[in-house]
Every structure is written in structure tokens, then in C-alpha cells.
**Student:** 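I'd like to ask you about the structure that follows.
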Amino acid sequence: MATEFDPRIGDWYQASETGEQFEIVAVDPDDQTVEIQYFDGTVEELDMDAWRELPIVPGEPPEDWSGSLDIEREDYGVDLEFTRHDDWLNPLDTLD
């Protein structure tokens with residue numbers, strides 16, 4: 001199954017066979033190449049013929065943006081859990 005999609009920077013796709021997600025990060029019309037970056041950070045350059053042969057479907061960007069950063073959820077440096085507004089600290093409470 002060949003792709004019918006024209007590559008556009010920022011578009012996300014998913015490989016039909018493997019389920020791998022990737023984003024178009026560069027398109028060079030002069031060299032007729034497309035650079036894609038997989039969720040894990042791997043970058044691959046394809047010529048237009050190879051692009052047209054890819055078995056892909058359009059996809060959505062992943063919700064977890066850390067794939068290519070090689071960090072664990074605990075290493076984000078922020079609290080990703082939602083809290084109630086009652087739990088928020090008021091900076092004025094610390095003034096004397």
C-alpha cells in the first residue's frame with residue numbers, strides 16, 4: 001500500500017505495519033528528500049520514491065512529549081498530576 005500523502009513539516013503519521021509514530025521534520029524539494037523523526041528521536045532521511053512507498057496512515061502527535069528526550073516521567077521536573085485548587089500554595093501566605 002503506497003502513501004498518497006504529500007509530506008508537510010509538522011504532520012504526524014503512523015506506520016501501518018509496526019505502529020511506530022513519526023513526524024515530518026524537513027522536506028527538501030531540491031534534493032527530493034523527506035526527513036522523518038520517530039517518537040524515540042531517531043531521524044531518517046527518505047527520498048521521495050521511498051516516501052511514496054511507505055504504508056502509513058495520518059496520526060496525531062503523542063500526548064507524552066518525552067519520547068525523544070530519553071527521560072523518565074519522574075525526571076520531568078514538574079508535577080504532572082492534577083491537583084485541586086485548594087492544594088495550591090498562596091505566595092502571600094509566606095510573607096511576614
Side-chain angles (χ1 to χ4, degrees):
M1 176 178 147
T3 184
E4 59 195 51
F5 309 109
D6 291 327
R8 291 185 326 185
I9 295 173
D11 284 354
W12 281 85
Y13 293 92
Q14 184 171 0
S16 301
E17 297 169 353
T18 63
E20 287 185 292
Q21 291 179 301
F22 64 87
E23 177 184 15
I24 308 280
V25 293
V27 177
D28 187 338
D30 296 332
D31 289 339
Q32 292 290 300
T33 58
V34 178
E35 278 190 29
I36 61 175
Q37 182 174 14
Y38 292 95
F39 179 69
D40 68 359
T42 305
V43 176
E44 183 177 356
E45 183 177 90
L46 306 168
D47 62 30
M48 285 300 218
D49 291 333
W51 167 258
R52 288 188 180 92
E53 295 301 318
L54 288 177
I56 58 174
V57 294
E60 294 293 321
E63 289 182 26
D64 181 6
W65 49 267
S66 68
S68 62
L69 300 178
D70 195 26
I71 60 176
E72 299 296 321
R73 185 176 180 89
E74 296 80 33
D75 297 334
Y76 289 168
V78 295
D79 183 12
L80 298 177
E81 300 300 322
F82 293 104
T83 59
R84 298 181 340 197
H85 68 82
D86 296 343
D87 295 336
W88 297 346
L89 295 177
N90 183 344
L92 297 177
D93 290 342
T94 59
L95 296 176
D96 290 329

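Residues take their numbers from the sequence shown, with the count starting at 1.
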**Student:** Taking all heavy atoms of Pro7 and all of Val27, pick out the closest pair and write down the distance.
**Tutor:**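 The pair with the smallest heavy-atom distance is O-CG2, 3.9 Å.
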
**Student:** Atom CD1 in Ile24, atom CD1 in Ile36: separation rounded to 0.5 Å?
**Tutor:**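 Ile24 CD1 to Ile36 CD1: 6.5 Å, rounded to 0.5 Å.
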
**Student:** So how far is it from Thr42 OG1 to Asp40 CG, rounded to the nearest 0.5 Å?
**Tutor:**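 Here the interatomic distance stands at 3.5 Å.
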
**Student:** Grab the two heavy atoms, one from Val43 and one from Gln37, that are nearest each other, plus how far apart they are.
**Tutor:**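 Taking Val43 first and Gln37 second, the nearest heavy atoms are CG2-CG, 4.0 Å.
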
**Student:** So, Gln14 side chain and Gly19 main chain: donor-acceptor pair closer than 3.5 Å or not?
**Tutor:**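 Yes, the answer is positive, given that a donor and an acceptor are paired below the 3.5 Å cut-off.
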
**Student:** Measure across Asp6 and Tyr13 and return the closest heavy-atom pair with its distance rounded to 0.1 Å.
**Tutor:**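 It is O-OH, 3.8 Å.
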
**Student:** Determine the minimum heavy-atom distance between Glu23 and Gly10, stating which atoms define it.
**Tutor:**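 Minimum heavy-atom separation between Glu23 and Gly10: OE2-CA, 3.5 Å.
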
**Student:** Provide the closest heavy-atom pair for Glu35 versus Glu45 in the form atom of the first, atom of the second, distance.
**Tutor:**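 Result for this residue pair: OE2-OE2, 3.7 Å.
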
**Student:** Any donor-acceptor pair under 3.5 Å linking the side chain of Ser16 with the backbone of Pro55?
**Tutor:**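 A pair under 3.5 Å: yes.
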
**Student:** If you measure from CD on Glu17 to CG on Leu54, what distance do you get to the nearest 0.5 Å?
**Tutor:**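 Output value for this atom pair is 9.5 Å.
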
**Student:** Would a single hydrophobic cluster contain both Tyr38 and Trp12, if residues Ile, Leu, Val, Met, Phe, Trp and Tyr are joined by side-chain heavy-atom contacts under 4.5 Å?
**Tutor:**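 No, Trp12 and Tyr38 fall in different hydrophobic clusters.
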
**Student:** So, the side chain of Trp51 versus the backbone of Gln32: is there a donor-acceptor pair under 3.5 Å, distance only?
**Tutor:**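 Not confirmed, Trp51 side chain does not pair with Gln32 backbone.
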
**Student:** Should Phe5 and Leu46 be counted in the same cluster of Ile, Leu, Val, Met, Phe, Trp and Tyr side chains packed under 4.5 Å apart?
**Tutor:**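 Same hydrophobic cluster.
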
